[in-house]
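Here you go, one structure.
Order of the sequence lines fixes the chain letters, A, B, ..., with proteins taken first and strands second; residue numbering starts at 1 for each chain. Just so we're clear, the structure is a prediction, and the values are computed from it rather than from any experiment.
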There are 2 protein chains.
Amino acid sequence: MAKAQSEGKPSTRERLVETARQLFLARGFEATSVADILREARVNSGSLYYFFKTKEELLLAVLDLYVEKLHPWVLDPIFEREPDPIARVFAVLEGYRQMLSMTECRQGCPIGNLALEMSDRSEAVRERIALNFDNWRKAIRQCLLDAGDRLPSEVDADKLATFILTVMEGGVMQARAFRSAEPFDASVAMLRDYVGQLVKRAGE
Amino acid sequence: MAKAQSEGKPSTRERLVETARQLFLARGFEATSVADILREARVNSGSLYYFFKTKEELLLAVLDLYVEKLHPWVLDPIFEREPDPIARVFAVLEGYRQMLSMTECRQGCPIGNLALEMSDRSEAVRERIALNFDNWRKAIRQCLLDAGDRLPSEVDADKLATFILTVMEGGVMQARAFRSAEPFDASVAMLRDYVGQLVKRAGE
DNA sequence: GTCTATAACTCGATAGAC
DNA sequence: GTCTATCGAGTTATAGAC
C-alpha cells in the first residue's frame, strides 16, 4: 500500500503522514486542522489532496504506519536488551512510563487517544485501531507463551495479554488526568504483584 | 454554585447542561457543536451565552454535575442492594458493563472520553476530570477499607482502588475499540482472580 | 506533482431589541 | 431571561494554472 522509501530525504507523502502522526498524537484528530498539518509539513493543500481524498484517509495512513512500526520502533529495541520473556512485558510498560516522564504526563499511548475519540465516528478508523491493539496484544501474548511453565497452565495467555494492555491504557489515562505518573506506577506495581503471584502459583 | 431545582420541569440552564452532558458523552467535546446543543435543548444562542461565557464553561458545569451525581445516580442504587464491600466493587464494574451492553459498546465511562480528549487543552477541565476520578477512587477505597482484614494489611487501599479504576477504564477503551465486551470481561475476570488471591493471602 | 486562490460551509460568540 | 440576526474567523476540500 504505502511506498518503502525509508532512505534519503522523506517524500511529500511521508512528510504528511509523519507530521499528521505527531499532531494527532499531541492534540487528537478533531483538534488538528488540515491547515496545521500543511504548515508544519510545509506542504500545500493541493498536494495533500493529491495523495489523500480526505483528512480521515490521512488518519488511516497514520494508523497503518503504527501497525507497521510497532516492532521496529517499539518492541525490537526493548527485546534486544531484555531476553527474559516476563521481564520483557514490564520493559514494554516501562517504555510507556518513559513517554509519560518525557512529556510531563501529557502524552501517553498514541492509539488510546484516538480509540476513544474516533471509535464511534468512523468504522474504518475503528477497525484500524482494533488492528493496532491486536498487534500489541499478540506481541505480549508471545512473551507470555515464551515464559512456558513459569505461568500456570490454566492461565489464558491471550486474556492475560488483554489485561496487561488494559492496565497500560487505564494507567496512562489517569496519569494524564492527574498530570502525575503515580496512578500509572501504582497500577503497574499491582500488575507486577499479580503476575508474581501467578509465577509462584505455577511453581507450587 | 448550581441551583437545586431538582423538582418541576427543568430550567433552561438545566436543560442546557443535561443536553450538553449527553452529547459530550456520545460524541466528545470538539465533535459537539454549540449549534447541536442549542437545537437538541431547544434553546437559543443568546440564552446559552447568558448562562455560560464559553462552550468550555458549559463543559465545566457538566463535569461538576458528574461529581455531584456519582453517589445518587451510580453508587447509592448499587450499594443499597449489595451490602458486601468487596462484592460492591464488582457490582460497580458490572454497572459499566451494562452501559456497554446497552449501547453496543459505543458508550463507556463519561469521564474517560473527556480525560484523553481534554486533559492537555484546558487546565480547568483537567482539574475537574481529576476531581471526578478522585471521587470515584475514594468511594472504591472506602469499600476496600470496609472489607477490613479480608484483605492483607500490607495492601494499600488507595493504590488498589486506583488499580481498579485503571482496569475499568482500560477495559472500556478496548471494548469500544473492538465493539465487543470481551476485553472488558477478560480484564475484570483477571482482576477478580487477583482480588481473590489477596483475600486468600489475608486468610492464611 | 505542486502551486495559488477560493468555494462552501460551520464554528463559537456577540449585539441589541424585546 | 429570551429572541433574532449576524459577525469574523476558521473549517475541509476543490479548481485550474503551471
Within the structure, does a side-chain N or O atom of N44(A) lie under 4.0 Å from either OP1 or OP2 of dT2(C)?
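For dT2(C), OP1/OP2 do not have a side-chain N/O of N44(A) under 4.0 Å.
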Pick base, sugar-phosphate or nothing for S45(B), based on heavy-atom distances below 4.0 Å to the nucleic acid.
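It contacts base atoms.
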Here's a test of your reading of the structure: between G46(A) and A35(A), which maps to the more 5' nucleotide of DNA chain D?
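Result of the comparison: A35(A).
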May I have the distance from R27(B) (atom CZ) to dT10(C) (atom P), rounded to whole angstrom?
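Distance check: R27(B) CZ to dT10(C) P gives 14 Å.
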Whether over 12 other heavy atoms sit under 6.0 Å from E182(A) CD
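Counting neighbours around CD of E182(A), 12 or fewer heavy atoms of other residues, nucleotides or ligands fall under 6.0 Å, so no.
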From the list dC3(D), dT11(D), dT2(C), which nucleotide is the closest neighbour of the side chain of S33(A)?
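My answer, after comparing the listed nucleotides, is dT11(D).
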Can you tell me if Y50(B) touches the phosphate of dG1(D), counting only side-chain N or O atoms and a distance under 4.0 Å to OP1 or OP2?
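Affirmative; the distance criterion is met.
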Does Y49(A) make a side-chain N or O approach to OP1 or OP2 of dA13(D) shorter than 4.0 Å?
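True: Y49(A) side-chain N/O within range (under 4.0 Å) of dA13(D) OP1/OP2.
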Does E18(A) come within less than 4.0 Å of R21(A), counting only side-chain N to carboxylate O?
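Looking at R21(A) together with E18(A), the answer is yes, because their closest N to O distance falls below 4.0 Å.
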How many whole angstroms separate atom NZ of K55(B) from atom P of dT14(C)?
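Those two atoms, NZ and P, are 15 Å apart.
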Identified side-chain contact (heavy atoms from CB on, under 4.5 Å) partner of P110(A) from the options L65(A), L63(A), L25(A):
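Of all the options given, the one that passes is L25(A).
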Would you mind classifying the nucleic acid contact of T12(B) as base, sugar-phosphate or nothing, using non-hydrogen atoms under 4.0 angstrom?
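The residue T12(B) makes sugar-phosphate contact but no base contact.
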Do D120(A) and R27(B) sit within salt-bridge range, that is, some charged N less than 4.0 Å from a carboxylate O?
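The answer is no: the pair does not qualify as a salt bridge.
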Calculate the interatomic distance between L38(A) atom CG and dA13(D) atom C1'; express it in whole Å.
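Distance check: L38(A) CG to dA13(D) C1' gives 11 Å.
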d(CZ, R42(B); P, dT2(D)) in whole Å
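Computing the R42(B):CZ to dT2(D):P distance gives 15 Å.
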